[in-house]
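Working notes, structure below.
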Amino acid sequence: DVELKFVNKKNEEVWIRSVGQPKFNEQNEIIGSKGVLQNITASKKAQFALELSKQEVENTLEIVKENEYSLKQAGRLAKIGYWSYDKQTDAIFWSDAVHEIYGTDPKNGVPEIDVVLSFFEEESRKKLVHATIMLATKGVPFDIVLQINNSNNEERWMRNIGEPLYNDKNEIIGRRGV
């Protein structure tokens, strides 16, 4: 049972599977052989395409990993954090740099909204709440400067830029920002 590749008279690459076995006489001596040939060119081409595709996906994933690492390091060095909110899952994500700004531990996840809002000075809190409502309901992006006292009681000023995320029906499905 072997797979063989050859080029036929039409100069086409052809793959065959050859399955053979010996033919015996009454004295148990080999007197011939019998078998079948199967053209497996289409399945071999599909297999090679799949292997190539798998390699391309692996290469792309490696590039994505490298880019994620570079982005994470650039954000860390520049003290720029990334945040996002997914309306469907009600999930909030903060990068490590955002946690650093708020003085929170990434291992504990994103704090509850009332805890986050408690860090803001009153005017900044009002500005953030208004900007977030406009973003979530009308898709109005924002670029605002806010003052907080983080969980370590350190006074911080931050620039917060937010934008809406839409689905293919132009419905707001979340938001993200830096």
Side-chain angles (χ1 to χ4, degrees), residues 3 15 40 42-178:
E3 294 179 356
W15 282 87
I40 59 169
S43 64
K44 286 303 270 189
K45 285 182 179 178
Q47 176 187 350
F48 293 144
L50 185 60
E51 288 171 0
L52 180 61
S53 177
K54 179 183 174 202
Q55 186 61 49
E56 288 172 350
V57 166
E58 288 173 356
N59 291 344
T60 301
L61 287 175
E62 189 60 36
I63 291 169
V64 167
K65 280 166 95 176
E66 289 174 14
N67 287 343
E68 283 178 355
Y69 175 78
S70 297
L71 186 59
K72 203 177 233 184
Q73 292 305 313
R76 184 182 63 76
L77 292 171
K79 297 187 183 208
I80 296 174
Y82 172 82
W83 57 265
S84 65
Y85 171 73
D86 184 321
K87 187 175 178 180
Q88 183 177 9
T89 61
D90 197 33
I92 299 173
F93 168 81
W94 283 3
S95 69
D96 289 349
V98 172
H99 280 283
E100 186 177 322
I101 291 166
Y102 284 97
T104 57
D105 187 346
K107 294 176 189 154
N108 297 331
V110 176
E112 295 295 322
I113 191 67
D114 57 329
V115 173
V116 173
L117 290 174
S118 74
F119 296 142
F120 288 87
E121 296 297 316
E122 186 171 346
E123 183 150 338
S124 290
R125 183 180 320 114
K126 288 177 184 176
K127 193 188 298 187
L128 178 63
V129 168
H130 176 73
T132 301
I133 289 170
M134 294 300 291
L135 175 64
T137 59
K138 299 192 182 337
V140 177
F142 62 77
D143 185 343
I144 53 180
V145 175
L146 305 166
Q147 182 183 9
I148 68 167
N149 284 311
N150 69 14
S151 68
N152 301 322
N153 205 29
E154 298 167 325
E155 184 178 314
R156 300 266 173 106
W157 286 88
M158 72 170 80
R159 181 176 180 195
N160 193 347
I161 303 170
E163 68 179 11
L165 296 173
Y166 295 95
N167 64 12
D168 57 357
K169 296 176 187 164
N170 208 31
E171 300 166 327
I172 298 172
I173 59 169
R175 49 193 178 267
R176 66 180 172 201
V178 293

Where is the tightest heavy-atom contact between Ser124 and Gln147, given as atom of each residue plus distance?
-> OG-N, 2.8 Å

Gln88 CD: over 12 foreign heavy atoms closer than 6.0 Å | no

Could you state the interatomic distance from CG (Leu128) to CD1 (Ile148), rounded to the nearest 0.5 Å?
-> 10.5 Å

Does Thr60 use its side chain to pair, donor to acceptor, with the backbone of Glu56 at less than 3.5 Å?
-> yes

Is the backbone N or O of Gly103 less than 3.5 Å from a side-chain atom of Ser151, with the two atoms forming a donor-acceptor pair by type?
-> yes

Could you pull out the closest heavy-atom pair between Gly139 and Pro164, with the gap in Å?
-> O-CG, 3.4 Å

Residues, nucleotides or ligands: over 12 heavy atoms within 6.0 Å of Glu122 CD = no

Shortest non-hydrogen contact from Lys44 toward Glu3 = NZ-OE1, 2.8 Å

Can you tell me if Arg125 uses its side chain to pair, donor with acceptor, with the backbone of Leu117 under 3.5 Å?
-> yes

Quick one: does Ile161's side chain get under 4.5 Å of Phe142's, heavy atoms only?
-> no

For Arg175 and Ala136 the tightest heavy-atom approach is NH1-CB, 3.5 Å

What distance do Asp96 atom CG and Asp105 atom CG have between them, rounded to the nearest 0.5 Å?
-> 9.5 Å

When rounded to the nearest 0.5 Å, the distance separating CG of Leu50 from CD of Gln55 is 12.0 Å

State the NE2-OG1 distance between His99 and Thr104, to the nearest 0.5 angstrom.
-> 4.5 Å

Salt bridge (Lys or Arg N to Asp or Glu O under 4.0 Å) partners for Lys127, two or more places apart = none

N/O donor-acceptor pair under 3.5 Å between Ser118 side chain and Val115 backbone = yes

Taking Asn152 for its side chain and Glu154 for its backbone only, find out whether a donor-acceptor pair lies under 3.5 Å.
-> no

Have Gln47 and Glu51 got a donor and an acceptor in their side chains that come within less than 3.5 Å?
-> yes

With side chain to side chain contact (heavy atoms under 4.5 Å, CB included) as the test, would you mind laying out the steps for Asn149 and Phe119 before giving the verdict?
-> CA-CA 5 Å; Asn149 284 311; Phe119 296 142; 6.0 Å; no

The side chain to side chain contact (heavy atoms under 4.5 Å, CB included) partner of Arg159 among Val178, Asp143, Ile144 is Asp143

Minimum-distance pair of heavy atoms, taken over all atoms of Leu135 and Trp83 | CD2-CH2, 4.4 Å

Between CG on residue Leu165 and CG on residue Asp86, distance to nearest 0.5 Å | 8.5 Å

Rounded to the nearest 0.5 Å, what separation is found between the CH2 atom of Trp94 and the CD1 atom of Ile101?
-> 9.0 Å

Specify the closest pair of heavy atoms between Phe120 and Val116, including all atoms of both residues, with the distance to one decimal.
-> CD1-O, 3.3 Å

Validation row: His130, Met134 side chains within 4.5 angstrom (heavy atoms) = yes

